[in-house]
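Residue numbers start at 1 and run along the sequence shown.
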Amino acid sequence: MKWLASLLFALLVAFSAHAQAPSAEQKVDELLKLLKDPEVQSLLAERKGAATTAPSVAADKPALAGWETGVRTRIDAIVSAVPRIPAEIGAAATRTRQDAISHGYAPVFIIFAALVAVGLAAEWLFRRYRPRSDGVLGRLAPVAIFAATMAIVFFAVDWPPLARVTLLAYLSAFVLYRLGSVLIVLALGHQRPLRLRARILLAVVIFAAANAVLGAPLGVDPAVSAALSYCFSIVILVLAIEASWSTSLKPRASRAALTVFLVAVWLLWCLDLQGLFWLGIYALVLPGILRGVGQAAEEFSSGAAGSLRSVIVARGARAIVITFAVAWLAFVWEMNSDGFAHNDPLVRALFYALLKSVLVLLVADLLWQLAKSWIDRALATSTDATALPPADAARRARFRTLLPIFRNALAVIVAVMAGLIVLSELGVQIGPLIAGAGIFGVAIGFGSQTLVKDVISGVFYMLDDAFRVGEYIQAKSYKGTVEGFSLRSVRLRHHRGPVFTVPFGELGAVENMSRDWVIDKFRINVAYDTDIEKARKIAKRIGAELAEDAELGPLFIQPLKMKGVEEFGDYGIVLSFAMTTVPGMQTYIRRKAYAKIREAFQASGIEFAQPTVQVGGDDKGGGAAAASAVRVLQEKSAAVE
């Protein structure tokens, strides 16, 4: 609510400032009338000689003192003009009424009511034959029909001069009020008390602006018109303060601070400090406007959140709002040529440099958001690669590896470039900065060779596509799943939980265990009397069963097979088995295969080899005698000790 009140107050200021400043043609007409006056001509002749020798007091007067004198004079004129407001308004109304009647028309207020009735009738017909819509366009379309109908009737009739100006001002004000009411309803929703106060504020501001615009065409004294604007501004200030206290849920201290801020902004306008006044208005208005414009733009774009279209529309709409704010601030600065800081070259250069810097930051923000949106969408798309061919899955995995590094590098580049351009606009010589940064970078390169080695090694690891995010690798004594990267290191998650942060320069040769396929081999020891051919057939049957399994089948590239006899061991025959699977699943499949082989061998009478000792020869008691001799020797040794 506070930003809405500030915006309405700012609109009143803009219209009143426009009304207080007479047009160039009016100034020329007044000057010509004065020059034709005999008294003025004689006075100019008397002062012609003295003007060449008289010191220029205004030129020697300090800017601050001149501003203070001008403000004091303007305030005194406004205060003295307040009692004349009713008389001036009555005289203007009488002139307008007589102008309309003298041309054969009804009074202006009757014409106004008739035009509004015609517009409402057209709007009623439109609503009757078109279904109601709660969207933005659905709510604005009836108002557009209303305004278009009144405009057609208004421009079709040749109205008297004063009546034409008056009708145009008040009809435009009425249309603007209706448009603003629709936007208030869309913005505030079901908050009825807040909506009511916002509409009252809007009505006061638009009515005040219409009166300010009509001041000069209807012959109202500029001082009286300015006094009337000040009176309306006080009403708006009171309404804004009341709304901030009655509708805000913030603590009392925050509401008191907001009240003080609103009064300070109003005083800045009264003191003709236009630049500071508009900065205060922006501080209150822009955050709310940018949020509302961004939400409306995202809804209007009808694109997915984070898509390029959504980002362009939302960020572009916000950038347009900020650009208009900057342009209006520059316009106010140029129009307020009497300000005491306006003629200071340093302040003037700094002011325009800040405005240009804002535009540079807007462009940089838009470019960064577009790039970030594309990278984020690419990362989100490359996450799920289960149903893709191996080549596409590998390419997406490489994207997941490289894009975060590219995003970080791009953020640094955009920030540095925008910062350098802003410094250049502020008058800072960036050439020495760039040269110093280059020398500093060379010094860092010589002083931190390990860091440079890590960064360059990481670049070549990425170019060689040595590993990607999500792959299991081993390098020297480090092994684990790749979780992420920085510019100088890789983060590995061990299968038991620990995390290794390894600089790229320390990796060396990398063993990647997650590429394409893996061949898993294992051995099983069986007794010497095992039927090898029978064991081979059992292994083949188990391999077929595993390949047909709904869970394990998709994980196989080649089924389980027995390769044959690997060697003759000390206790039995060593059989070799092998299978080809997708990376990372070989251990899981091997456990399943072990269980099935054990059950099948036991069911078929195939025994696994066990350590045994066989004593040969005919001397059956030789072993006992040897054991007895060993025992005697041990007892003798124990006795000696």
Novice: Looking only at non-hydrogen atoms, find the nearest pair between Leu410 and Ala371 and report the distance.
Specialist: CD2-CB, 3.2 Å

Novice: Please give me the minimum heavy-atom distance between Ala609 and Gly572, naming the atom from each residue.
Specialist: CB-CA, 3.8 Å

Novice: Give the minimum heavy-atom separation between Pro554 and Glu551, together with the two atoms involved.
Specialist: CD-O, 3.7 Å

Novice: Does Ala319 offer a backbone N or O that forms a donor-acceptor pair with the side chain of Thr323 under 3.5 Å?
Specialist: yes

Novice: Could you tell me whether the side chain of Trp517 reaches within less than 4.5 Å of the side chain of Ile519, counting heavy atoms only?
Specialist: yes

Novice: Would you give the length of the straight line joining atom CD1 of Ile538 to atom CZ of Arg541, rounded to the nearest 0.5 angstrom?
Specialist: 5.5 Å

Novice: Check side chain to side chain contact (heavy atoms under 4.5 Å, CB included) between Pro251 and all other residues, then give those that pass, not counting sequence neighbours.
Specialist: Ser254

Novice: Quick one: CD1 on Ile597 to CG on Leu560, what's the gap to the nearest 0.5 Å?
Specialist: 5.5 Å

Novice: In the structure I gave you, are the side-chain heavy atoms of Ile473 and Val482 within less than 4.5 Å of one another anywhere?
Specialist: yes

Novice: Give a yes or no on this: more than 12 heavy atoms of other residues, nucleotides or ligands lie within 6.0 Å of atom CD of Glu607.
Specialist: no

Novice: Would you check if the side chain of Thr530 reaches a backbone N or O of Ala527 as a donor-acceptor pair within less than 3.5 Å?
Specialist: yes

Novice: Working to the nearest 0.5 angstrom, can you tell me the gap between Phe608 CZ and Gln602 CD?
Specialist: 6.5 Å

Novice: List the steps, then state whether side chain to side chain contact (heavy atoms under 4.5 Å, CB included) holds for Ile606 with Asp531.
Specialist: CA-CA 8 Å; Ile606 298 177; Asp531 186 350; over 6 Å; no

Novice: Strictly distance-based, threshold 3.5 Å: is any side-chain N or O of Asn525 a donor or acceptor partner for the main-chain N or O of Gly569?
Specialist: no

Novice: Going by heavy atoms in the side chains, are Val422 and Leu361 under 4.5 Å from each other?
Specialist: yes

Novice: Please identify each residue that fulfils ring-ring contact (aromatic ring centres under 6.0 Å, His included) with Phe504, with sequence neighbours left out.
Specialist: none

Novice: Check the surroundings of atom CZ in Phe522: do more than 12 heavy atoms from other residues, nucleotides or ligands lie under 6.0 Å from it?
Specialist: yes

Novice: Excluding sequence neighbours, so at least two apart, what forms side chain to side chain contact (heavy atoms under 4.5 Å, CB included) with Leu367?
Specialist: Val363

Novice: Parallel, tilted or perpendicular: which describes the rings of Tyr461 and Phe467, with under 30° parallel and over 60° perpendicular?
Specialist: tilted

Novice: So which atom in Glu506 and which in Val502 form the shortest heavy-atom distance, rounded to 0.1 Å?
Specialist: CB-CG1, 4.1 Å

Novice: Taking only residues two or more places apart in sequence, or in another chain, which ones meet Gln558 in a side chain to side chain contact (heavy atoms under 4.5 Å, CB included)?
Specialist: Thr580

Novice: Do Tyr594 and Glu599 have side-chain atoms, one donor and one acceptor, less than 3.5 Å apart?
Specialist: no

Novice: Can you see which heavy atom on Ala418 is nearest to which on Val360, and at what distance?
Specialist: O-CG1, 4.3 Å

Novice: Calculate, to the nearest 0.5 Å, the distance between atoms OG1 and NE2 belonging to Thr481 and His494 respectively.
Specialist: 9.5 Å

Novice: Please name all residues satisfying side-chain hydrogen bond (donor to acceptor under 3.5 Å, both in side chains) with Tyr472, sequence neighbours left out, ordered by chain then number.
Specialist: His495

Novice: Taking side chain to side chain contact (heavy atoms under 4.5 Å, CB included) as the test, write out the residues that go with Glu567, two or more places apart.
Specialist: Arg523, Val574

Novice: Is there a side chain to side chain contact (heavy atoms under 4.5 Å, CB included) between Val490 and Thr501 once you walk through the steps?
Specialist: CA-CA 6 Å; Val490 59; Thr501 301; over 6 Å; no

Novice: With rounding to the nearest 0.5 angstrom, report the CG to CG distance, Asp454 to Leu507.
Specialist: 9.0 Å

Novice: Would you compute the distance between atom CD of Glu483 and atom CD of Glu471 and round it to the nearest 0.5 angstrom?
Specialist: 14.0 Å

Novice: With a 4.5 Å cut-off on side-chain heavy atoms, are Met562 and Ser576 touching?
Specialist: no

Novice: Can the ring centres of Tyr528 and Tyr571 be said to be less than 6.0 Å apart?
Specialist: no

Novice: Please check this pair: side chain of Ser424 against backbone of Leu420, looking for a donor-acceptor N/O pair closer than 3.5 Å.
Specialist: no

Novice: Within the 4.5 Å heavy-atom criterion, are Leu552 and Tyr588 side-chain neighbours or not?
Specialist: yes

Novice: Do the non-hydrogen side-chain atoms of Ile589 and Asp520 ever get within less than 4.5 Å of each other?
Specialist: no

Novice: Between Glu533 and Arg536 (salt bridge meaning N to carboxylate O under 4.0 Å), is one present in this structure?
Specialist: yes

Novice: Please walk me through it: do Ile557 and Thr581 pass side chain to side chain contact (heavy atoms under 4.5 Å, CB included)?
Specialist: CA-CA 5 Å; Ile557 296 178; Thr581 67; 5.8 Å; no

Novice: Which is it for Arg590 and Met579 under the side chain to side chain contact (heavy atoms under 4.5 Å, CB included) test, yes or no, and what are the steps along the way?
Specialist: CA-CA 9 Å; Arg590 189 196 315 143; Met579 58 184 175; 4.0 Å; yes

Novice: Indicate yes or no for a side-chain donor-acceptor contact from Lys596 to the backbone of Leu546 under 3.5 Å, with no hydrogens or angles considered.
Specialist: no

Novice: So, for Lys521 and Ala578, which heavy atoms are closest and what is the spacing to 0.1 Å?
Specialist: CG-CB, 3.9 Å

